[in-house]
There are 2 protein chains.
Amino acid sequence: MGTARKEKAEQTQAALKDAARRQFLERGYLNTKITDITAAAGRATGVFYDHFASKEALLQALLADMYEQGDAAIAAHGHGAAGDGDGNGEVEVDGRDHDLTDRAQLRAHLAVGWQTMSANLPVVAALHEEAVAAGPSSGRAWRQLTEGTEAFRDHLAALSARGHGLPGAPELVGAAMGAVLSALAYALLPLPGRPYSDDEVLDTLTDLLLNGIAGPDAG
Amino acid sequence: MGTARKEKAEQTQAALKDAARRQFLERGYLNTKITDITAAAGRATGVFYDHFASKEALLQALLADMYEQGDAAIAAHGHGAAGDGDGNGEVEVDGRDHDLTDRAQLRAHLAVGWQTMSANLPVVAALHEEAVAAGPSSGRAWRQLTEGTEAFRDHLAALSARGHGLPGAPELVGAAMGAVLSALAYALLPLPGRPYSDDEVLDTLTDLLLNGIAGPDAG
DNA sequence: GTCTATACGCGGATAGAC
DNA sequence: GTCTATCCGCGTATAGAC
């Protein structure tokens, strides 16, 4: 049991992180001032800098926390990291692993991404705001899209290698899939009275991405 | 011909708007300071306020310009406004108007949206930044998504009314379609060395949204 | 109509007491 | 370790000369 000083410091740091998450969600990351965080944590302004060098550094710390608990949750299971657009838990249904043309597996993949974002909405949303604030020409939007969808891309590439025709380049299709997922998450999850349930969204996305608007009997 | 004073004022205003568009694209809307705009326009700082009340007001003016030239371009043609996610020109191919299950028509709809965004990237991107800066809980992301995809939603609803099965609620599916379109536009269009051509992106999106990753012979 | 000069407020960041 | 008090830089917005 670490005594007094260190313990209290960790307590304060946790309070700051917690307050930050709340503020990021309510006011938005960009609009949140250092003083908003310290005030919400019930501490004085100056304390912030005893724990974090800047608001960006704090966000990185929150991101690290998210990975840590994400990795812990995955641990013994499948592959992949708990990234933005994907990050998978256990997803094996029948013979072929990670076959995205199998409805159950596709849905499972989407669900993991959705749940990750749902559980870490303040951090995910903050990262999104940060990327947008970097401006269009920074290229961060595209980078974020491609980095967050490695799993999709890999599975699609495998599919393609197996001879399955895709709508386009695996990277591009994967980015498109990640884009819908994260755009809808960012738009819907924070809403007060949610118009669509998680299941409804996931079912819709699964069917749309699997068979398109034409539906299963297109050929 | 308006004499001297008025003419010069319009010239200055145009210079400010033009400089703003350039700056918004390069630095991003949020990062652009009033002084960046006036400097890029080769004018003094103070002039800005003789023409616009604020940066937000300027953006609204740019948006109005966009609509104006958009409406002019459409004019005698089809329906719809030149909004974010859609806004259509002429799209009739065979019997059924606006049948999104027809590949050519779907592609045409997507193309109009893509081209609108391409042609007005600084404004569209700025609006996006503004919406994101409003924070997650503002609900602006969802509003923007639904408002920008009225055309999609209506066409999907019509399809549904005709007895065609959809992946989900027309509003939700339409939002998803608009989301991919604008997310990819925002991510790809500003890139210096574009990895994918317009046609490549449009073909991929068309096939993905029409038949999904399973492809046409799914049944 | 446009310029230069300046005042104002806000938020980030630090110093030093407790 | 945490607090109070304060400084400083930046960007907005205005006032008044030209």
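Just so it is clear: chains get the letters A, B, ... in the order the sequence lines come, proteins before strands, and each one is counted from 1.
Looking at the side chain of A:V47, the nearest of the listed nucleotides C:dT4, D:dT12, D:dC3 is D:dC3. Among the nucleotides D:dC3, D:dT12, C:dT2, the one closest to the side chain of B:K8 is C:dT2. Listed nucleotides C:dG12, D:dA13, C:dA13 differ in distance to B:T45; the shortest reach to its side chain belongs to D:dA13. The side chain of B:K33 lies closest to D:dG11, out of D:dT2, D:dG11, C:dG12. Listed nucleotides: C:dC3, C:dT2, D:dT12. Nearest to the side chain of B:T35: D:dT12. For A:D50, the listed nucleotide lying nearest its side chain is D:dT2; candidates were D:dT2, D:dT4, C:dC3. Here D:dC3 is the nucleotide among C:dG12, C:dT2, D:dC3 with the atom lying nearest to any side-chain atom of A:R43.
Here A:D199 pairs with A:R107 in a salt bridge; the nearest charged N to carboxylate O distance falls below 4.0 Å. A salt bridge links A:D203 and A:R103; the closest N-O separation between the charged side-chain nitrogens and carboxylate oxygens is under 4.0 Å.
D:dT6 atom C1' lies 17 Å from atom CD1 of A:I34, rounded to whole Å. At whole-Å resolution of the value, CZ in A:F48 and C1' in D:dT2 are 15 Å apart. The separation between B:D36 atom CG and D:dT12 atom C1' is 13 Å, rounded to whole Å. With rounding to whole Å, A:L16 atom CG is found 11 Å from D:dT2 atom C1'. Residue A:Y49 contributes atom OH, which lies 9 Å from atom C1' of C:dT14 at whole-angstrom precision. In this entry the distance linking CD of A:E7 with C1' of D:dT2 reads 16 Å, nearest Å. Note: CD1 (B:I37) to P (D:dA13) measures 11 Å, nearest angstrom. Taking atom CD of residue B:E10 and atom C1' of nucleotide C:dG1, one finds them 13 Å apart after rounding to whole Å.
A:A9 comes within 4.0 angstrom of sugar-phosphate atoms only, judged by non-hydrogen atoms across all strands, and of no base. Residue-level contact check: A:T12 touches the backbone only, with heavy atoms under 4.0 Å from sugar-phosphate atoms and none from bases.
A sub-4.0 Å separation between OP1 or OP2 of C:dT2 and a side-chain N or O of B:H51 is present.
A donor-acceptor pair is defined here as one N or O able to donate and one able to accept, closer than 3.5 Å; no such pair exists between the side chain of A:Q105 and the backbone of A:L100. Without hydrogens or angle criteria, A:D18 side chain to A:A14 main chain gives no donor-acceptor distance under 3.5 Å.
If you check the side chains of B:Q23 and B:R27, you find a donor sitting under 3.5 Å from an acceptor.
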